[in-house]
Amino acid sequence: MAIAKVQTVAFLGIEAKPVEVQCALAPGLPAFSIVGLPDKAVSEARDRVRASLAEMSIALPAKRITINLSPADLPKEGSHFDLALAFALLSALEILPPEAAQETLVLGELSLDGRLMPVAGALPAALTAAEQNRALLCPQASSAEAAWVDGTRVIGANTLTEVIRHFIGQTVIEAARPGEVQSDLGLQDLADVKGQEIPKRALEIAAAGRHHLLMTGPPGSGKSMLAARMPSILPPLDPREALETAMIQSIHGMIEDGGIDRIRPYRSPHHTASMAAVVGGGRRAHPGEISLAHNGVLFLDELPEFARPVLETLRQPVETGEVMVARANAHVTYPCRFMLVAAANPCKCGYMGDAQRACARAPQCGADYMGRISGPLMDRFDLRVHVPALSLRELDDLTPGESSAVVAARVAAARSIQAERYLDHPTARLNSDAEGQLLEHVARPNDAGRETLLKAADKFNLTARGYHRVLRVSRTIADLDGDEHVNRDHILEALHFRLQL
């Protein structure tokens, strides 16, 4: 009994694990069975494969057809196994040459008329194909995304008939080309924000060192407006970051027309979002908003309104830059090195501290409302800034502020200094990543700055985490100023933003 073998993948997080599809035709009562821990979508593939072959007038033999997905203990989920099952069956029927199956990694979903439908995960699958020195066969709609991987030849087909004609040499399909790089058109400009010079400065520092930022202020003061302009002052993704980000977006099915986006992600989930939506999870352990914001910005508006369990779950990912989604059948780890930008009203009514709209329950109203944010989570914000309401005179001022391009140039210069500083370090890329001896080496202040920091730490009871975060922010401020050493002025500005609220 000959066994046809075809290579495909199963997705575990952003990894594409190799899976071998084995197809055996044996004498016995006609049957078509799939084994190897398939889920419902994979089990239904036999009906889609049967209908697609019938569309091409290919009849299944009156034999017992058994398809095994190896390794059998790895969960197989999704419809992308369809094409690999059909490919293995066609190889077992000797319609496709056996060497084609050995040299190709296959994934794609079949429609009942034999068309190939786009699938999520083409980019990680292409990386696995490159590691195995194989070509990748996938739907035409997914091929431009996969073609970004240089180490493999990507074959994009529209129908199962095209696949057969390609591998028997009738009509050869040309290798796919990568999609277009997305531009930065449509980003909102910081010059639109009137006044608010101190919050703008906080935004610049946060962008330069990837520091977490909390803004508080009354409704309508411009907190969301400021946060929405953060992507416009961030440098574009470098090639390594773009690939990391695209891997997560590919698994989530977010890449359109195969284009890799060089703009940093900006995710803004609603405060009613569930823990699975924000952190990741669900039946198939999908990445959440914190992973979709990897290398970009996660903006949480109305921070105290988020469910307490959701907020507390953010504490570990904020520190480590990765999150583990644990399920009964899998433990999936996703990267989530994001910049957390949050906004909150000072109290439930939003007007505590406003002389013209006095809060009847102040100060208890503010204490109760901000008390929804736990101390450990609050301690993880490097920068805290109050965004006051603007007067009518300030709103009517026609003097333009600094544009995003001007601020972005300063941010890029500071990040360039950090890139050179951490060039040989295995994990650190920015000042927010520095810790331990590395932090002591790069951010040690001069004598005056050290004395100021120690006095402030003692007077305001800074935690060890708070102390180190002040050092990181001071290092970033020094980089923005172009100073090699951290001095007292840098420490004072970092403390100003740390001790607000």
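The figures here come from the full heavy-atom set of this structure, side chains too, leaving out hydrogens, waters and symmetry mates.
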Kindly state each residue pair satisfying salt bridge (Lys or Arg N to Asp or Glu O under 4.0 Å) with at least one member in [range], sequence neighbours excluded.
range            : result
residues 130-148 : none
residues 11-38   : Glu15-Lys17
residues 404-427 : Glu204-Arg410, Glu402-Arg410, Arg421-Asp479
residues 78-107  : Arg48-Asp82

Judged by modelled atom types alone, do Glu435 and His468 share a side-chain donor-acceptor pair under 3.5 Å?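 Absent: no donor and acceptor within the cut-off.
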So, does [X] use its side chain to make a donor-acceptor pair with the main chain of [Y] at under 3.5 Å?
X      : Y      : answer
Thr313 : Pro309 : yes
Asp189 : Ser404 : yes
Ser416 : Ala412 : no
Arg384 : Met378 : yes
Ser143 : Ala176 : no
Ser232 : Gln188 : yes
Lys223 : Val387 : no
His80  : Leu107 : no

Any ion pair linking [Y] and [X] (charged N to carboxylate O, less than 4.0 Å)?
X      : Y      : answer
Glu244 : Arg337 : no
Asp433 : Arg210 : yes
Asp192 : Arg229 : yes

Test side chain to side chain donor-acceptor pair (under 3.5 Å) applied to [X] - qualifying residues, sequence neighbours left out:
X      : answer
Asp39  : none
Arg264 : Glu241
Gln418 : Asn431
Ser70  : none

Please walk me through it: do Ile34 and Leu69 pass side chain to side chain contact (heavy atoms under 4.5 Å, CB included)? CA-CA 8 Å; Ile34 302 174; Leu69 305 176; 4.2 Å; yes
What residues, two or more places apart in sequence or in another chain, satisfy side chain to side chain contact (heavy atoms under 4.5 Å, CB included) together with Ala146?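 Listed in chain order: Ala122, Ala126, Leu136, Val154.
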Taking it one step at a time, do Thr104 and Phe167 satisfy side chain to side chain contact (heavy atoms under 4.5 Å, CB included)? CA-CA 10 Å; Thr104 311; Phe167 284 103; 3.7 Å; yes
Apply side chain to side chain contact (heavy atoms under 4.5 Å, CB included) to residues Arg308 and Leu377 and explain how you reach the verdict. CA-CA 11 Å; Arg308 183 68 176 263; Leu377 179 59; over 6 Å; no
Separation between CG of Leu90 and CG of Leu53, rounded to the nearest 0.5 Å: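 Interatomic distance, Leu90 CG to Leu53 CG, rounded to 0.5 Å: 5.5 Å.
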Report the distance from atom CG of Asp382 to atom CG of Leu214, rounding to the nearest 0.5 Å. 11.0 Å
Just to verify, what does Arg165 make a salt bridge (Lys or Arg N to Asp or Glu O under 4.0 Å) with, not counting sequence neighbours? none
Arg372: partners by salt bridge (Lys or Arg N to Asp or Glu O under 4.0 Å), with sequence neighbours left out: Glu305
With side chain to side chain contact (heavy atoms under 4.5 Å, CB included) as the criterion, how do Leu383 and Leu203 come out once you've worked through the C-alpha distance, each side chain's angles and the decisive distance to 0.1 Å? CA-CA 9 Å; Leu383 303 161; Leu203 234 67; over 6 Å; no
Any pair counted as side chain to side chain donor-acceptor pair (under 3.5 Å), so long as it reaches residues 115-125, sequence neighbours left out: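 Listed by first then second residue: Asp113-Arg115.
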Mutual orientation of the aromatic rings belonging to His252 and His286 [parallel < 30°, tilted 30-60°, perpendicular > 60°]: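 The rings of His252 and His286 stand perpendicular, inter-plane angle above 60°.
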I need the single residue from Leu298, Thr320, Val323 that forms a side chain to side chain contact (heavy atoms under 4.5 Å, CB included) with Cys336. Which is it?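 Result for side chain to side chain contact (heavy atoms under 4.5 Å, CB included) with Cys336: Val323.
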Residue Arg315 excluded, over 12 heavy atoms near CZ under 6.0 Å: yes
